[in-house]
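Remember, it's 1-based here, ligands and their atoms both numbered in the order they're listed. The structure displayed is predicted, hence computed values, not measured ones.
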Amino acid sequence: MASFSYSNPVKKKLLEGKPSFGSWIQVPHPSVAEMLCAVGFDWLAVDMEHSDAGVSQYSDIIRGMYGRGSVPMARVQENDTLVIRRLLDAGAWGVIVPMVNSAREAERAVQAVRFPPRGIRGSGFARANDYGQGFNEYIRASDDVLVMAMCETKESVDNIGEIVAVEGIDGIFMGPYDLSMSYGIPGKTNEPVMAAARKKVLEACKKAGKAPGLHHFNLTRESIRGILDEGFLFVALGVDAAFIQSGASAAFRAAVGE
Ligand code: 3PY
Ligand code: MG
């Protein structure tokens with residue numbers, strides 16, 4: 001008989017207060033997952049909100065991660081029970097839920113992820129439980145699925161105290177681009193109002209014992225050191241499409257002598 005061991009080492013790291021580094025997949029192909037796993041990231045999130053990936057592509061992408069050490073996560077399309085359920089059934093061990101602006105919306109995300117009695121996630125034979133072979137083991141381990149609520153609006157920052165207080169929310173993941181839009185300063189992610197928002201979110205997380213996270217795009221050593229010093233633990237570094245473009249663009253510029 002097969003024996004199954006389901007667990008999420010990223011959740012363990014966060015509970016121990018240790019940082020974890022992930023990255024972002026928007027180019028929906030398993031090869032991309034294989035390449036990024038080889039880099040050594042703790043986790044990889046497929047972006048189901050701002051890419052054209054569908055659920056069956058999601059399954060294929062995380063098949064590319066299987067056995068390669070990075071924990072598969074998803075930035076889900078929206079805060080919807082069925083949308084979230086299908087990605088969890090495919091095998092996601094963490095969901096990053098966009099636009100969580102209130103405790104009610106945070107509760108909705110938790111309900112979607114947790115099985116009864118805490119939540120309303122339906123159970124069935126699926127890839128996540130090895131098509132039923134690991135049904136009981138998976139259900140026992142399912143609290144290991146990470147629930148990260150995205151803070152990416154002014155409203156969410158204003159309500160962060162009530163959001164972090166929702167039991168079952170493991171952490172907050174800040175989206176600097178939407179947040180800058182919400183403050184009326186599109187793309188200006190270094191303005192003082194953004195730093196103040198980060199500070200407020202970090203303090204709320206600290207008080208509630210939740211993991212603070214951030215999508216970080218300035219990938220210099222100093223800048224990454226800076227956000228770790230601020231206190232962020234769940235850190236997404238860049239995005240696959242930008243890695244391709246920056247590498248290609250550097251090569252092209254070198255060739256044409258710019
Ligand atoms: C944002 O910056 O708005 C994001 O959603 C990053 O993932
Ligand atoms: Mg966003």
Side-chain angles (χ1 to χ4, degrees), residues 10 14 19-28 32-33 36 41-53 58 61 70-80 83-84 87 92 94-102 105-106 108-109 146-160 163 169-202 205 210-219 223-224 226-228 230 232-246:
V10 171
L14 294 176
S20 79
F21 299 104
S23 192
W24 221 241
I25 296 179
Q26 285 193 316
V27 181
V32 175
L36 293 181
F41 287 111
D42 295 301
W43 54 273
L44 292 169
V46 182
D47 187 354
M48 306 300 289
E49 184 194 14
H50 287 298
S51 78
D52 57 3
Y58 181 77
I61 293 165
S70 305
V71 175
M73 312 232 171
R75 194 262 288 277
V76 304
Q77 196 176 344
E78 60 180 325
N79 189 359
D80 175 81
V83 162
I84 291 175
L87 297 169
V95 290
I96 300 167
V97 182
M99 301 281 174
V100 174
N101 293 329
S102 64
E105 289 175 11
R108 182 180 167 85
L146 203 62
V147 188
M148 300 298 293
M150 284 197 74
C151 173
E152 49 182 353
T153 64
K154 179 182 179 305
E155 191 185 351
S156 178
V157 175
D158 291 346
N159 293 336
I160 199 66
I163 294 171
I169 289 288
D170 295 303
I172 301 295
F173 185 72
M174 297 190 76
Y177 281 94
D178 273 312
L179 190 58
S180 70
M181 296 288 289
S182 176
Y183 281 117
I185 47 166
K188 295 192 177 146
T189 57
N190 289 322
E191 297 291 292
V193 70
M194 298 290 291
R198 288 202 303 275
K199 189 161 181 278
K200 188 167 179 207
V201 169
L202 282 158
C205 284
K210 306 291 168 86
L214 176 71
H215 202 160
H216 196 57
F217 296 90
N218 182 352
L219 303 179
S223 177
I224 295 168
I227 56 138
L228 293 176
E230 278 183 55
F232 287 102
L233 291 177
F234 182 83
V235 178
L237 299 171
V239 49
D240 57 0
F243 293 142
I244 295 171
Q245 282 187 318
S246 61

Restricting to non-hydrogen atoms, name the atom on [X] and the atom on [Y] that form the minimum distance, rounded to 0.1 Å.
X	Y	result
Leu237	Ser23	O-OG, 2.7 Å
Lys210	Gly171	CB-CA, 4.2 Å
Phe41	Ser70	O-OG, 2.7 Å

Next on the checklist: Would you call the rings of His215 and Phe173 parallel, tilted or perpendicular, taking 30° and 60° as the class edges?
Outcome noted: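 Taking Phe173 first and then His215, their aromatic rings sit tilted (interplane angle of 30° to 60°).
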Checklist entry - Please state which protein non-hydrogen atom is closest to atom 2 (O) of ligand 1 and give its distance, to 0.1 Å? => result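 Heavy-atom neighbour on the protein nearest atom 2 (O) of ligand 1: Tyr177 N, 2.7 Å.
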Checklist entry - Which protein heavy atom lies closest to atom 6 (C) of ligand 1, and at what distance to 0.1 Å? => result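 Heavy-atom neighbour on the protein nearest atom 6 (C) of ligand 1: His215 ND1, 3.3 Å.
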Checklist entry - Vertex the Mg ion (ligand 2): angle to OD2 of Asp178 and OE1 of Glu152, to 10°? => result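 Centred on the Mg ion (ligand 2), the OD2/OE1 angle is 100° (to 10°).
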Contacting atoms of ligand 1, where contact means under 4.0 angstrom from a heavy atom of [X]:
X	value
Glu152	1 (C), 3 (O), 4 (C), 5 (O)
Asp178	1 (C), 2 (O), 3 (O)
Arg75	4 (C), 5 (O), 7 (O)

Checklist entry - Is there a donor-acceptor pair under 3.5 Å between the side chain of Arg75 and the backbone N or O of Val97? => result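 Such a contact is absent between Arg75 side chain and Val97 backbone.
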Next on the checklist: If you define the side chain from C-beta out and look only at heavy atoms, does anything of Val46 sit under 4.5 Å from Pro28?
Outcome noted: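 A side-chain contact is absent here, since even the closest heavy-atom pair is not under 4.5 Å.
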Next on the checklist: Side chain or backbone, does Pro176 bring an N or O within less than 3.5 Å of an N or O on ligand 1?
Outcome noted: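 Yes, Pro176 has an N/O under 3.5 Å of an N/O on ligand 1.
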Next on the checklist: Please confirm whether Met150 approaches ligand 1 to less than 4.0 Å, judged on its heavy atoms.
Outcome noted: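 Checking ligand 1 against Met150, which is what was asked, there is a heavy-atom contact under 4.0 Å.
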